[in-house]
Amino acid sequence: MSSTTSNVKYHASRAAESKPLEYLARGGFIGYGIIHLLFAWIALQVAIAGSSQESDQSGALQQIAGESYGKTLLIVIAIGLAAMAIWQAFEAAIGESGERNRTAMAERVLSGVRAVLYGYLAWMAVKIVQGANASMGDSYESKTSGLMSSSGGRWLVALIGLVVLGVGVGMFYYGWKRKFVKHLNTQQMTAGTRQPIIRLGMAGYMSKGVAYAIAGGLFVTAAVNYDPEKARGLDAALKTLAGYSWGVWLLVLIAAGIAAFGVYCIAQAKYRKI
C-alpha cells in the first residue's frame, strides 16, 4: 500500500513540476490579477456612484465579456485559472515542501481551497463565454434560500457565515504577518522591487480579509433574520458598506487594497514559487 502511495505521489510530483503547467499557471496569475483590478474598479464605482453592477469576481468577468475582445480574453483567463487549479490540486495532494508538520498540513488545506476557487472561476468564465449570466451573488442567494427552507438549514447558513468570517480574519492575519512571502522567490527580486511587492501583498490580503469577514457576518445575519438577500457574498458585503457614510470611505480603502492585490498577482506571475 505504501509503495502504491509513493508511486502516486511521485507521478503527481512530476506532473506538478511540468513546465507547460508552470507557464500556464504563471499566465493564470496575470489573468487573476486583471480580474481583481476590474473587481477593484467596480467596488470603487459602487462606493462613489452607487453602481448596481455585480461587485465581486463574477462582475469583473462579466465586464471583460462586454468588451470587443472580451470573450477571447476570457478563454485565455479560463485556461490560466484551470492550470492554477490543477497546480494547487497537486500541491494539496503532495504538499509544497514535503514536510509533514501541522503548518505543512494547513498549507495543503489552503492549496485545496485555492484549487476549488480557481476552478470555480475558470468554470464561471467559460459559462459567461457561452452566454450565461453567471453571478456568484445570485448563486449564493439561491443556495442560501434553498438551505433555509430545509430543516436546520438556517443553522447551516449561520455556520457557513462563521466559517467565511474566520476565513476573512485568517486572510487579514496572513497578510499582516506577511505569511505569503515564503511562497515568493524574493532572491530574484531587485532591492527596489522587493518591499513594494510585499507591501502590495499585505494590502491586498488584509483588504480581502476585511471584505470576507463582512460577507461572513452578513451570512450569519441572513440566517438570524431569514433574509437570503444578505447572503450574496462579497457583492452584498461591499454594497452594504456603500449604504453608510463611513462605509463608503472603508469601501474606497478596500477597493484600493483589492487593486493592490491585483498588481501583486501580476508580480506573482514572475516571482511565485511553482
Side-chain angles (χ1 to χ4, degrees), residues 28-66 73-74 77 80-81 84 110 113-114 117-118 120-122 124-125 134-137 140 164-165 167-181 183-184 196-218 232-244 246-269 272:
F29 273 115
I30 295 174
Y32 199 48
I34 292 170
I35 289 171
H36 278 81
L37 288 172
L38 288 173
F39 177 13
W41 173 243
I42 293 169
L44 190 61
Q45 288 179 310
V46 170
I48 296 174
S51 172
S52 60
Q53 188 172 351
E54 198 84 6
S55 52
D56 55 23
Q57 292 95 328
S58 63
L61 292 173
Q62 290 167 12
Q63 184 160 325
I64 292 172
L73 180 55
L74 277 182
I77 288 174
L81 288 171
M84 290 170 71
L110 284 174
V113 172
R114 293 187 193 108
L117 173 61
Y118 298 150
Y120 180 60
L121 286 175
M124 186 160 285
S135 163
M136 292 174 112
Y140 295 151
V164 174
L165 193 155
V167 168
V169 172
M171 195 176 290
F172 186 94
Y173 181 81
Y174 191 78
W176 181 40
K177 289 294 186 178
R178 309 196 305 178
K179 297 284 188 179
F180 58 90
V181 174
H183 297 299
L184 300 174
I197 289 173
I198 291 173
R199 290 192 183 103
L200 286 169
M202 289 179 66
Y205 278 111
M206 291 168 70
S207 297
K208 288 187 70 176
V210 171
Y212 273 98
I214 294 171
L218 288 174
R232 292 181 56 85
L234 294 176
D235 180 55
L238 301 187
K239 285 176 180 170
T240 297
L241 281 178
Y244 300 95
W246 57 267
V248 169
W249 295 107
L250 178 56
L251 182 50
V252 169
L253 288 175
I254 289 174
I258 292 171
F261 187 80
V263 178
Y264 170 71
C265 285
I266 294 171
Q268 284 190 93
R272 184 64 155 85

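None of the values given here were measured: they were computed from a predicted structure.
Between Tyr173 and Lys179, some side-chain heavy-atom pair lies under the 4.5 Å cut-off. At a threshold of 4.5 Å between non-hydrogen side-chain atoms, the residues Phe180 and Ile198 count as touching.
In plain terms, the two heavy atoms of Ala65 and Leu74 that are nearest each other are CB-CD1, 3.6 Å. Between Ala211 and Leu238, the closest heavy-atom pair is CB-CD2, 4.3 Å.
Atom CG of residue Leu61 and atom CD1 of residue Ile77 lie 7.0 Å apart, to the nearest 0.5 angstrom. Interatomic distance, CZ of Arg178 versus CE of Met206, reported as 12.0 Å (0.5 Å rounding). With values rounded to the nearest 0.5 angstrom, Leu241 atom CG is found 4.0 Å from Ile214 atom CD1.
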Give every donor-acceptor pair under 3.5 Å between a side-chain atom in residues 246-269 and any protein atom, sequence neighbours left out.
residue : atom : partner : partner atom : Å
Gln268  : OE1  : Arg272  : NE           : 3.3

Side-chain donor-acceptor distances from residues 31-43 under 3.5 Å, at least two apart:
residue : atom : partner : partner atom : Å
His36   : ND1  : Tyr32   : O            : 3.0
His36   : NE2  : Lys208  : NZ           : 3.0

